[in-house]
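For this chain, numbers begin at 1 and follow the sequence in order. Below, all heavy atoms of this structure are taken into account, side chains as well, without hydrogens, waters or symmetry copies.
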Amino acid sequence: MVWIGHKIPDTDSVSGSLLAAFIYGGEPSIPSKVNPETRFAVERCNASDPKIIEDFSGKTVGLVDFNQSTQLPGGIDPDSIVAIIDHHAIGGSPVNIPNVINIEVRPWGSTATILADHAQLLGIELPVNLACMGLAAILSDTVNLTSPTTTEYDKAYVQNLANRAGIDDVNKFAENMLLAKSDLGGFSATDIILLDYKNFEFGGKKVGIGVAETLIPQELINRRYELKSAMEEIKKEKNIDHLIFAIVDTRENRSYLLWSDDQDKDVVVAAFGDQEVDDMVIAEGVISRKRQIGPAIQRALEN
């Protein structure tokens, strides 16, 4: 059995595969290489990357941190899926499972929080390195417990996992993760858009949403026309109806929404209002794709 997250791995999906494999058995895996934030977490926690797996022949599969078919790694036969552990809404294109399987979806801040709770309920003590990875995942997905997705469970398990991992200064740990995530100077515009990118289906439309959480948003704002040009090419290559990219300022709690053409601009304006400045729409207080950006775009398209 293998445990795997969505097509473009992030810290929560990587940690989710590691934790699920430790708790329930099987092999942790990822569909592609990890991003800079996750690389920092893996090295800081003295953990190891899950193995990149592309051939799922003869394997049963557990999914972590997603439930949408648009985010399913290629090569996975739905018949082989035996479990889903997730914290996202079941949207318009869930994975089509032909068999009855174990599915657990909780409205918590991260999949790692759910799995930390599983471990506690089962009386399983996580190794220090996996406790550290679980902590990193919760802090990443909740933006250091500031996101509107944060629950009391996330706060409790941050303290629990930090104690187990021997991390005294959680805020410093979270800030170092955000700094690693913010260091995008050596990345192409295409890579930046796809570092944290997910596909959705809203109102019968194929929609791509990329986000870049950063402590230094001006560096990406200065590259906005380069990013928009890359978005135009990505939109054609993926054959999707809309592509939206958000520069998320985690220090000031706002997002700068970018688009590649007038059709996508109309969606952004309908979702977030006409607060256009320098060819961007600024959305104050909006930092979560899961709870704010995605649902706002979904409502705009379905209306």
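Residues K33 and I52 share a closest heavy-atom pair of N-CD1, 3.8 Å. Nearest heavy-atom pair, P98 versus D79, reported as atom, atom and distance to 0.1 Å: CG-OD1, 2.6 Å. Taking all atoms of both residues into account, the shortest heavy-atom contact from D249 to I287 is O-CG2, 4.4 Å. Taking both residues in full, the closest heavy atoms of A230 and T190 are given as CB-OG1, 3.7 Å, listed atom of the first, atom of the second, then distance. Residues A131 and L126 share a closest heavy-atom pair of N-CB, 4.3 Å. Taking each heavy atom of A189 and R223 in turn, the nearest pair found is N-NH2, 3.6 Å.
Residues V2 and I84 are members of one and the same hydrophobic cluster, defined by side-chain heavy-atom contacts under 4.5 angstrom among Ile, Leu, Val, Met, Phe, Trp and Tyr. Criterion: ILVMFWY side-chain heavy atoms under 4.5 Å apart, direct or through other members. Under it, I244 and I247 are not part of a common hydrophobic cluster. No continuous path of hydrophobic side-chain contacts links I101 to I23 [ILVMFWY only; heavy atoms under 4.5 Å]. At a threshold of 4.5 Å between side-chain heavy atoms, the hydrophobic network of Ile, Leu, Val, Met, Phe, Trp and Tyr places L63 and W108 in two separate groups. Under a hydrophobic-cluster definition in which Ile, Leu, Val, Met, Phe, Trp and Tyr are linked whenever side-chain heavy atoms come within less than 4.5 Å, directly or via other members, L122 and L115 are assigned to the same cluster.
Side-chain contact check for M231 versus I193: some heavy-atom pair is nearer than 4.5 Å. No side-chain heavy atom of R254 sits under 4.5 Å from any side-chain heavy atom of P217. Counting heavy atoms from C-beta on, the side chains of D264 and F245 never come closer than 4.5 Å. Looking at heavy atoms from C-beta onward, F202 lies out of side-chain contact with R299 at the 4.5 angstrom threshold. Side-chain contact between P31 and I4 is present, with heavy atoms from C-beta onward closer than 4.5 Å. Side-chain contact between C132 and I167: present, with at least one pair of heavy atoms (C-beta onward) separated by less than 4.5 Å. A heavy-atom distance below 4.5 Å is found between the side chains of H87 and D141. Between L18 and P50, some side-chain heavy-atom pair lies under the 4.5 Å cut-off.
Counted by atom type alone, Q68 and H88 present zero donor-acceptor pairs between their side chains at under 3.5 Å. For the residue pair T111 / D65, a side-chain donor-acceptor distance below 3.5 Å is found, with atom types taken as modelled. A donor and an acceptor atom, one from each side chain of N171 and E175, are nowhere located under 3.5 Å apart. A donor atom on one side chain and an acceptor atom on the other are not found under 3.5 Å apart for E213 and T250.
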Pair L243-K238, side chain to side chain contact (heavy atoms under 4.5 Å, CB included): steps then yes or no: CA-CA 10 Å; L243 175 56; K238 292 186 174 294; over 6 Å; no
For T146 and N144, run side chain to side chain donor-acceptor pair (under 3.5 Å): C-alpha distance rounded to whole Å, both residues' side-chain angles, the deciding distance at 0.1 Å, then the answer. CA-CA 6 Å; T146 65; N144 193 16; over 6 Å; no
May I have the step-by-step check of side chain to side chain donor-acceptor pair (under 3.5 Å) for E219 and T214, ending in yes or no? CA-CA 9 Å; E219 290 190 1; T214 176; over 6 Å; no
Check the pair K235, D261 against salt bridge (charged side-chain N to carboxylate O under 4.0 Å, His left out), reporting the backbone distance first and the verdict last. CA-CA 10 Å; K235 187 176 178 181; D261 55 36; 2.7 Å; yes
Please determine whether side chain to side chain donor-acceptor pair (under 3.5 Å) holds for the pair S188 and D191, giving the CA-CA distance in whole Å, both sets of side-chain angles, and the decisive distance to 0.1 Å. CA-CA 5 Å; S188 70; D191 287 342; 3.2 Å; yes
Evaluate D10 against S13 for side chain to side chain donor-acceptor pair (under 3.5 Å), listing each step before the verdict. CA-CA 5 Å; D10 61 11; S13 67; 3.2 Å; yes
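No donor-acceptor distance shorter than 3.5 angstrom exists from the side chain of S255 to the backbone of L257, with no hydrogens or angles considered. The main-chain N or O of S147 is never found under 3.5 Å from a side-chain atom of Q292 such that the two would form a donor-acceptor pair. The main-chain N or O of Y256 is never found under 3.5 Å from a side-chain atom of R224 such that the two would form a donor-acceptor pair. Under the 3.5 Å distance criterion, the side-chain polar atoms of D154 are matched with a main-chain donor or acceptor of G109. Here the side chain of S69 pairs a donor or acceptor atom with the backbone of S93 at under 3.5 angstrom. Within the 3.5 Å criterion, the main-chain N or O of V82 finds no donor-acceptor partner in the side chain of N99. Judged purely by atom type and a 3.5 angstrom limit, N199 has no side-chain atom pairing as donor or acceptor with the backbone of Q71. Using a distance-only test at 3.5 Å, with no hydrogens or angles considered, no donor-acceptor pair links the side chain of S140 to the main chain of A136.
Applying side-chain contact (heavy atoms from CB on, under 4.5 Å) to V14 and the options N35, T38, D49 leaves one that passes, T38.
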Show me, pair by pair, the donor-acceptor contacts under 3.5 angstrom made by side chains of residues 272-279, not counting sequence neighbours?
unit_1, atom_1, unit_2, atom_2, d
E276, OE1, K265, NZ, 2.9
D279, OD2, Y225, OH, 2.5

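Taking the salt bridge (charged side-chain N to carboxylate O under 4.0 Å, His left out) definition, one finds that K155 meets it with E152, sequence neighbours left out.
Applying the salt bridge (Lys or Arg N to Asp or Glu O under 4.0 Å) test to pairs two or more places apart or on separate chains, those with a residue in residues 111-128 are R106-D117, E125-R164.
Counted within 6.0 Å of NZ on K290, heavy atoms from surrounding residues, nucleotides or ligands total more than 12; the atom is thus considered enclosed. F56 CZ: more than 12 foreign heavy atoms inside a 6.0 Å radius.
Note: F66 and H6 have perpendicular aromatic rings, judged against thresholds of 30 and 60 degrees for the angle between ring planes. Using a 30° and 60° split on the angle between ring planes, W3 and Y24 fall in the tilted class, from 30° to 60°.
Expressed to the nearest 0.5 Å, how far CG of L145 lies from OG1 of T151 amounts to 9.0 Å.
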